[in-house]
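Structure, as structure tokens:
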There are 2 protein chains.
Amino acid sequence: MEFRISPASGLPIYQQLVEQVRSGVARGKLAADEKLPSVRELSQSLVINPNTVARAYTELERDGVLYTRPGMGVFVAAKSAPLTKKVRRERLLPLVDQLLVEAVEMGCSLAELSKLISERSTVFEWNGTSEPSNASGGKRK
Amino acid sequence: MEFRISPASGLPIYQQLVEQVRSGVARGKLAADEKLPSVRELSQSLVINPNTVARAYTELERDGVLYTRPGMGVFVAAKSAPLTKKVRRERLLPLVDQLLVEAVEMGCSLAELSKLISERSTVFEWNGTSEPSNASGGKRK
DNA sequence: CAACTGTACTAATACTAATAGGACAGTCGG
DNA sequence: CCGACTGTCCTATTAGTATTAGTACAGTTG
């Protein structure tokens, strides 16, 4: 998987990397136990400091997205046991509300928003009890 | 409307204020042409610097959420003309994707996410061509 | 005119992002 | 065992931002 950073993003570089890894895992572009580029390798190809890459990896490992095999590299962690429904709700609510605020603010209808969500949802790797109506989001490798 | 700031939030104070105003407007807790507390008044009640409040107000005015009547105060702006569907899509996509990534990451199903969204959507003031199924989100004042 | 409104400006402090360079411990292939 | 790789840790430095502080100005109200 390719990584890109854009100075115009406004977000810190290490955070851009974190988001790209998270997104890649959720989209199935990064498979479990797949090896990520080494800290030094990625820092050279992106022309940034190794410490910046290391910070991103460290944060992702803390959150259970990656794991480290000392001396070998960092790898994509297998999907951990799903959290409680209550915990999921608590963590998703702020994001949901933020999305709804923005949608309402710009005069979007609820139907339009729902359509947008179901559109984008087809690309992700859902593992719950219900799948997206469209199954076009299969693993590519 | 009451404003609160939490030092533990991690977000800058001015940004917390911006979010609360946006949220209040989208939820109908702040009506059009309603007057907001003055810069000095709010800064005293929250025990923060007037400049911090002024920064939040300035940013909100730049985005068309508030307007200023010189010498009188800042007020909630009326809903502006809705943007193009294309523009709405472009601005909402990043948030939608971020939400989907988080949901997938914690093992949430699409059905569970949809339910959560429709649950929260009842509190907002939609003005599109389609309303939420539940009408409990009426204006209170 | 007096008291309020938002705005503008400068200065100082504190924290964070990012870079730089160096050092350490674990693991592999020879 | 040895060299080359892996991630991690440490200190120092630079740059940018958030926040506070105090002052000043222009417009509006009564």
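Lettering of chains follows the sequences in order, A, B, ..., and the numbering in each one begins at 1. Excluded from the calculations below are hydrogen atoms, water molecules and symmetry mates; all remaining heavy atoms, backbone and side chain alike, are included.
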I48(A) CD1 to dT14(D) C1', in whole Å, measures 18 Å
When rounded to whole Å, the CD1 to P distance for the pair I5(B) and dT19(D) reads 9 Å
To the nearest angstrom, the OH-C1' distance between Y67(B) and dT5(C) comes to 14 Å
Would a distance-only check, ignoring hydrogens and angles, find a side-chain to backbone donor-acceptor pair under 3.5 Å from S23(A) to E19(A)?
no
Separation between CG (L11(A)) and CD1 (I5(A)), nearest 0.5 Å, reads 12.0 Å
List the steps, then state whether salt bridge (Lys or Arg N to Asp or Glu O under 4.0 Å) holds for R69(A) with D33(A).
-> CA-CA 11 Å; R69(A) 294 225 307 248; D33(A) 298 317; over 6 Å; no
Check your understanding: Taking it one step at a time, do R88(A) and E112(B) satisfy salt bridge (Lys or Arg N to Asp or Glu O under 4.0 Å)?
Key -> CA-CA 10 Å; R88(A) 288 203 294 265; E112(B) 186 181 338; 2.8 Å; yes
Taking five pairs at each terminus, the helix from dC1(C)-dG30(D) to dG30(C)-dC1(D) shows an axis bend, to 10°, of 30°
Begin from the C-alpha positions of L42(A) and Y57(A) and carry the test side-chain contact (heavy atoms from CB on, under 4.5 Å) through to its verdict. CA-CA 11 Å; L42(A) 188 53; Y57(A) 283 178; 3.6 Å; yes
Checklist entry - Should D63(B) and E105(A) count as side-chain neighbours, where that means a heavy-atom distance under 4.5 Å? => result no
Between CG of L46(B) and C1' of dT20(D) the distance, given in whole Å, is 15 Å
Can you tell me if Y14(A) touches the phosphate of dA18(C), counting only side-chain N or O atoms and a distance under 4.0 Å to OP1 or OP2? no
Atom CZ of R55(B) and atom P of dC9(C) are separated, to the nearest Å, by 15 Å
When rounded to whole Å, the CD to P distance for the pair Q16(B) and dA18(D) reads 13 Å
Given R89(A) and E119(B), is the side-chain contact (heavy atoms from CB on, under 4.5 Å) satisfied, shown in steps? CA-CA 11 Å; R89(A) 182 191 169 85; E119(B) 226 182 275; 2.8 Å; yes
Smallest heavy-atom separation, A31(B) atom then V76(B) atom, equals O-CB, 3.2 Å
Atom CZ of F75(A) and atom C1' of dC5(D) are separated, to the nearest Å, by 12 Å
Rounded to whole Å, the CG-C1' distance (L60(B) to dT7(C)) equals 16 Å
So CG of L95(A) and CG of L99(B): to nearest 0.5 Å the spacing works out to 5.5 Å
The contact string for nucleotides 6-13 of chain D, one letter per nucleotide 5' to 3', using protein heavy atoms under 4.0 Å with B, S and - for base, sugar-phosphate only and none, comes out as BBBBB---
